[in-house]
Amino acid sequence: MNLEYLPRKIRDNLIPAPAGNMCYYCLECGQRFDIHRLLYTCPDCGQVLMLEDTDFQRLKNIDGKTWREIFDARQMLKLPALRGIYRFHEFIGPIIPLEAVVYLGEGHTPVIEASSQLQAMAGCRLFYKNDGQNPSASFKDRGMASALSYINYLLRQGKMENVLAVCASTGDTSAAAALYSAYLQPAVRTAVLLPEGKVTSQQLAQPLGSGAKVFEIPGVFDDCMKIVEVLSERYNVALLNSKNAWRILGQESYSYEIAQAFDYRTADLAVVVPVGNAGNITAVMNGFLKFLETGIIDALPKIIGVQSMHADPVVRYYNTPAGKRKFKPVTVKPSVAQAAMIGNPVSMPRVIRLVDKYNDMAGRQRVFFVEVTEQKIMDWQLTANRHGHIACTHGGECLAGLQEALARAMVTEDDTAVLDSTAHALKFVGFQDMYFQGQLQRSFNVVSKPELINLPVKIRPGGLKLPQPGEPLTGRDLERFVQASAETVALQLNLKKG
Ligand code: F0G
């Protein structure tokens, strides 16, 4: 839409110019550091960092209603830089000029209301936000668009050159990192470290296809993470894990989009997210907090973090009474929510701070954690998809987590749940195959329920010539084959002659 058609009152604010004053901020010791180099941990105390706009107060010069109008009007503009996560430019990367924004179609993923049958089964009003409909088929593209736009900004200023971007990954971060870096090649190249045999074949294919250097490492994600930490401390590489605070900023867009999708009425929402390395839940909390502080929303939604019992360090921490909590990493067991199979989440210190801040700002407990069995993750994923969704196993984990949260009255039937399907079902389809073939039992502790199994039926009419590769049937043979196959399919479907 042409700018001229939009109200004069907001027109001057629709296309944002660089503003603000960003710095890294240490959650532990409160020190601030210049952003003109990539920094991942506090040089003084070693703690993970967040990014902060020290001039955030200026955003309060615009009232909440006007902000809402600005974001809604931006939805109608065709400017590529504002079509993705930078629709919320002032809240994500205000110093980044729009020319430096890398937009590959991320963000603004559909929010799909579940069918009445699924809502009845689930026990409350329910939506899926399909983050698998991002370009690399997971939510990681949000943070990657932010991190690579920042790198692009430094490249354009001549403050960086020949970047080698690295990350450890359970599959999705590496797919997103490789995709966004490929867009900026040759200035940016990527190398990714994956736990051998613990990413799906689709996830392995993604960075290979984008031209990244792929290393398979024995062990689990936590081992890969330790290795990239050493690389980023000793060598001149850009770390693209969510330890990089630019990733968190981009992922905050998930909260902004939920607010916008529900017309900024967030009081009765329960936002359900899977927790692995805990970057996502960090960003989701921080995003809602920033919108509350600027009056764009007037209430913080509930947030439910879900973990599998096979990888549950965050749940264990919060299950301990408040005064006695001490974070302990866990040794993970195989999980169908494989991308969240993490025993020592890098963002745990951020989570600990932000959960307290979130609950304080809300004046009551609004962040909850629950854990679920592998069985429930699979059963609810398959059930969701049988009702028209494209939820990945982590999306199934959210629905299983919602059940637990309802059972424990953390969520009530008056709430509206928004579930994060963090990736596309197709990335994790191998787990569905194993479930259908009854092969998940041993390591995952999952029994395939007959009513959820679906296998193809082979049609091979007997005593007839069948089509062979490169040898199509013709004439009478083709006719007999078609007739016999149609009869067999009709019999299978119990069809009546019409
Ligand atoms: N869902 C999916 C599909 C993921 O890929 C991840 C994390 C999570 C949930 C958990 O999110 O780590 O922010 O708490 N995947 C990372 C990776 C670790 O390397 O792709 P988190």
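First listed ligand is number 1; within each ligand, the first listed atom is number 1. Computed over heavy atoms, backbone and side chain alike; hydrogens, waters and symmetry mates excluded.
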Within the 4.0 Å heavy-atom shell around [X], which atoms of ligand 1 are there?
| X | result |
| --- | --- |
| P274 | 9 (C) |
| S169 | 17 (C), 19 (O), 20 (O) |
| F139 | 1 (N), 2 (C), 4 (C), 6 (C), 8 (C), 9 (C), 11 (O), 13 (O) |
| T173 | 16 (C), 17 (C), 19 (O), 20 (O) |
| A423 | 3 (C) |
| N280 | 13 (O), 21 (P) |
| G279 | 13 (O), 14 (O), 21 (P) |
| V275 | 14 (O) |

Under 3.5 Å, is there a donor-acceptor pair between the [X] and [Y] side chains?
| X | Y | answer |
| --- | --- | --- |
| Q375 | D379 | yes |
| Y24 | E52 | no |
| N277 | N241 | no |
| S253 | R142 | yes |

- Message: Given T170, I248, I342, D172, identify the one with the heavy atom nearest to atom 5 (O) of ligand 1.
- Response: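 Heavy atom nearest to atom 5 (O) of ligand 1 belongs to D172.
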- Item | Residue portion contacting ligand 1 (non-hydrogen atoms closer than 4.0 Å) for K140 |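 It is the side chain that touches ligand 1; the backbone stays farther off.
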- Part of N241 with heavy atoms under 4.0 Å of ligand 1, whether side chain, backbone, both or neither: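 Answer for N241: neither.
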Report the nearest protein non-hydrogen atom to [atom]: residue, atom name, distance rounded to 0.1 Å.
| atom | answer |
| --- | --- |
| atom 1 (N) of ligand 1 | T422 OG1, 2.7 Å |
| atom 4 (C) of ligand 1 | A339 CB, 3.3 Å |
| atom 10 (C) of ligand 1 | G276 N, 3.6 Å |

- Message: Please tell me whether F127 and F262 form a close aromatic pair, meaning their ring centres lie under 6.0 Å apart.
- Response: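 Centroid distance F127-F262: below 6.0 Å, so yes.
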- F444 and F431 aromatic centres sub-6.0 Å: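 Distance test on ring centres: under 6.0 Å, yes.
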- Take I112 and H389 through the test side chain to side chain contact (heavy atoms under 4.5 Å, CB included) and record every step on the way to the result. CA-CA 8 Å; I112 307 296; H389 295 281; 4.1 Å; yes
- Query: Which atoms form the tightest heavy-atom contact between E374 and V336, and what is the distance?
  - Reply: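 Closest approach of E374 to V336, heavy atoms only: OE1-N, 2.6 Å.
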- Task: With W67 as reference, evaluate F91, F291, Y256 under the ring pair (Phe, Tyr, Trp, His ring centres under 6.0 Å) test and give the passing residue.
- Result: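 Option passing the ring pair (Phe, Tyr, Trp, His ring centres under 6.0 Å) with W67: F91.
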